[in-house]
Amino acid sequence: MASKRALIIGITGQDGFFLTQLLLDKGYCVDGLIQPHAHDDTQNIKIFLKDYEKVRFQLHYGDLLDGGSLTRLINKLKPDEIYNLGAQSHVAKGFDVPEYTINANGLGALRCLEAIRALGLEGKTKFYQASTSEMFGNVPSPQSENSPFSPQSPYAASKLMAHNLVQIYRDAYGIFAVSGILFNHESCFRGDDFVTQKIVRGIASIKRGDIKHIELGNLDAIRDWGHAKDYVRGMWQMLQRDQPQDYILATGKGHTVRSFCEKSFGFAGIDIVWRGSGFDEVGENKKTGEAMVMINPDFFRPLDVNNLIGDASKAREELGWVCEFSFEDIISEMVEAALLPQKDYNK
Ligand code: NAP
Ligand code: G4F
């Protein structure tokens with residue numbers, strides 16, 4: 001039987017790396033869309049170019065802002081599966097570039113769905129959309145597929161737009177299109193300016209003597225942090241079903257940013273105690289009294305989401321999806337990677 005072909009939009013990101021690895025292991029031919037500013041030996045994914053010598057792995061220029069590039073590429077490849085992981089994915093930056101965020105994340109998904117429809121690929125190409133727990137905003141946790149949406153940022157609004165369009169194109173045109181509503185997931189490939197990577201890389205810089213302390217914003221925010229490797233497996237499982245349906249992926253356990261900090265410092269051998277409150281709160285090295293974590297008001301958002309904890313019962317029951325990584329596994333992997341920057345995690 002011929003290999004299945006998958007197109008990954010957003011292949012240079014964290015999830016793009018793990019999804020590529022998973023699909024290549026399953027025998028797929030994987031095509032990745034990269035933006036014109038990227039190089040074809042770009043970042044984490046260069047390992048696949050070496051190993052697969054462009055036989056089962058190829059990169060193509062395109063952009064979610066450029067409908068023609070998407071349509072031509074989808075027409076050329078006629079993929080069995082498209083994973084739209086491409087996005088301006090940083091919530092705080094979305095407040096600074098809201099128009100771009102809506103264009104790339106909301107209209108970008110529409111352009112993909114329109115391409116499938118215009119090319120008559122409704123019966124051939126399955127479509128995965130990267131939806132997010134941010135769409136729930138501050139509705140009470142645990143959030144499930146039945147919880148209402150209440151976006152609190154341009155990013156969340158852009159993703160809800162895409163989420164709604166997926167449902168509309170599924171119902172109106174019979175496209176096998178699904179949205180995975182994913183809660184936060186991390187790894188040593190997490191982007192630098194998300195809070196988990198910022199914390200663990202900050203700790204590594206403190207240990208090397210490059211900086212004295214880390215500056216953070218809202219320490220009280222609760223997130224449900226899983227591992228990206230578990231979550232990309234769930235994306236694939238959603239596309240293997242007979243009927244398209246949306247699923248939540250989450251661990252069901254919430255932790256504050258403060259607790260992520262404390263545990264990460266702990267893994268690096270530094271015990272933290274918290275003193276003061278509000279903007280004056282400080283995380284001190286218990287042994288030396290030195291300030292390790294300080295609050296910087298610049299890192300607070302105009303609106304934040306305080307309590308995201310997901311209920312993934314439906315994915316567990318219908319997809320057989322399981323989380324193999326614990327919160328502690330994620331922290332130890334990330335701290336270890338940050339402390340050993342020379343280690344090549346592509347191997
Ligand atoms: P990420 O590391 O930020 O990766 C985003 C990817 O999108 C990158 O490859 C980026 O390319 C690409 N991209 C950005 N703008 C684009 C455009 N205009 N056209 C084409 N590609 C573009 O994100 P991630 O953590 O892997 O997450 C994957 C997806 O899941 C995103 O859509 C994110 O919003 C969503 N999501 C993530 C989480 C999470 O916790 N990680 C949770 C829920 C949903 P460059 O490398 O060239 O910038
Ligand atoms: O790590 P974060 O930037 O992730 P956030 O905002 O939860 O978004 C991530 O998860 C979403 C799924 O829920 C994805 F859709 C999205 O694409 C992205 O992957 O921030 C987590 C929390 C926030 O409450 C933030 O206010 O940490 C708080 N925080 C405190 N200090 C900080 C900082 N966040 C960042 N990025 N930097 C800080 O200094």
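Note that ligands are numbered from 1 as they come in the structure, with each ligand's atoms numbered from 1 the same way.
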Does any non-hydrogen side-chain atom of Val178 lie less than 4.5 Å from one of Phe127?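 Phe127 does not reach Val178 side chain to side chain.
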
Using a 4.5 Å cut-off on heavy atoms from C-beta on, say whether the side chain of Gln240 contacts that of Met238. no

Go through the structure and list residues passing salt bridge (Lys or Arg N to Asp or Glu O under 4.0 Å) with Asp31, not counting sequence neighbours. Arg5

Got more than 12 heavy atoms from elsewhere within 6.0 Å of [atom1], [X]?
X	atom1	value
Lys78	NZ	yes
Lys229	NZ	no
Lys198	NZ	yes

Report yes or no: does a heavy atom of [X] sit under 4.0 Å from some atom of ligand 1?
X	answer
Ala228	no
Trp225	no
Phe17	no
Lys159	yes

Nearest neighbour of [atom] from the list [options], on a heavy-atom basis:
atom	options	result
atom 29 (C) of ligand 1	Thr132, Leu85, Ile34, Val232	Leu85
atom 41 (N) of ligand 1	Met235, Arg190, Glu186	Arg190
atom 30 (O) of ligand 1	Pro36, Gly16, Ala130	Ala130
atom 33 (C) of ligand 1	Phe194, Tyr155, Phe183	Tyr155
atom 23 (O) of ligand 1	Gly13, Gly86, Ser89	Ser89
atom 14 (C) of ligand 1	Ser158, Ala87, Ser179, Gly32	Ala87
atom 20 (C) of ligand 1	Arg223, Met135, Glu134, Gln35	Gln35
atom 35 (C) of ligand 2	Thr132, Val195, Asn306	Val195

Which atoms of ligand 2 sit under 4.0 Å from any heavy atom of [X]?
X	result
Ser133	12 (C), 13 (O)
Val91	6 (O), 8 (O)
Phe299	39 (O)
Asp304	23 (C), 24 (O), 25 (C), 26 (O)
His90	36 (N)

Scanning both residues in full, the closest heavy-atom pair of Glu134 with Ala156 reads O-CB, 3.6 Å

Minimum heavy-atom separation for Val305 and Asn138, please, with both atom names.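 Closest heavy-atom pair between Val305 and Asn138: CA-OD1, 3.4 Å.
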
Show the atoms of ligand 1 that are less than 4.0 angstrom away from any heavy atom in [X].
X	answer
Leu33	20 (C)
Thr12	8 (C), 9 (O), 10 (C), 11 (O), 45 (P), 46 (O), 47 (O)
Gln14	2 (O), 25 (O), 26 (O), 41 (N)
Ser131	43 (C), 44 (C)
Asn184	40 (O)
Gly10	6 (C), 7 (O), 9 (O), 12 (C)
His37	47 (O)
Leu182	42 (C), 43 (C)

Does the distance from a Lys or Arg side-chain N to an Asp or Glu carboxylate O, for [X] and [Y], drop under 4.0 Å?
X	Y	value
Arg111	Glu114	no
Lys93	Asp96	no
Asp224	Lys253	no
Lys124	Asp80	yes
Lys126	Glu81	no

Hey, does Arg190 sit under 4.0 Å from ligand 2 if you only count heavy atoms?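 Arg190 counts as a contact of ligand 2 under the 4.0 Å cut-off.
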
Give yes or no for whether the N/O distance cutoff of 3.5 Å, strictly under, is met between Gly217 and ligand 2. yes

With nothing but distance in play, are any N or O atoms of Tyr155 less than 3.5 Å from an N or O of ligand 2?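 Such a contact does occur with ligand 2.
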
Scan Tyr100, Tyr155, Phe194, Phe95 and name whichever one has a ring pair (Phe, Tyr, Trp, His ring centres under 6.0 Å) with His90. Phe194

Specify side chain, backbone, both or neither for [X], according to which of its non-hydrogen atoms lie closer than 4.0 Å to ligand 2.
X	answer
Leu219	neither
Ala221	side chain
Lys159	neither

Using side-chain hydrogen bond (donor to acceptor under 3.5 Å, both in side chains), reason through Asp192 and Gln197 one step at a time and then give a plain yes or no. CA-CA 5 Å; Asp192 276 348; Gln197 191 72 290; 5.1 Å; no

Parallel, tilted or perpendicular: which describes the rings of Trp225 and His255, with under 30° parallel and over 60° perpendicular?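 Parallel, since the angle between the ring planes stays under 30°.
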
Nearest non-hydrogen protein atom, [atom]:
atom	answer
atom 39 (O) of ligand 2	Lys198 NZ, 2.7 Å
atom 3 (O) of ligand 2	Arg301 NH2, 2.8 Å
atom 4 (O) of ligand 2	Asn184 ND2, 3.7 Å

Determine whether the aromatic ring centres of Trp236 and Tyr231 lie less than 6.0 Å apart.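 Centroid separation for Trp236 and Tyr231: 6.0 Å or greater.
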
Centre-to-centre under 6.0 Å for Phe265 and Phe260, is that the case here? no

Based purely on interatomic distance, does Ala104 place a nitrogen or oxygen under 3.5 Å from a nitrogen or oxygen of ligand 1? no

Please state which part of Phe189 comes within less than 4.0 Å of ligand 1, counting heavy atoms only: side chain, backbone, both or neither.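 It is neither part, as no heavy atom is under 4.0 Å.
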
Quick one: does any side-chain atom of Gln35 pair with a main-chain N or O of Gly62 as donor and acceptor, under 3.5 Å? no

Only pairs at least two apart or in different chains count here, so list each side-chain hydrogen bond (donor to acceptor under 3.5 Å, both in side chains) that has a residue in residues 141-150. Ser141-Asn307, Ser150-Gln152

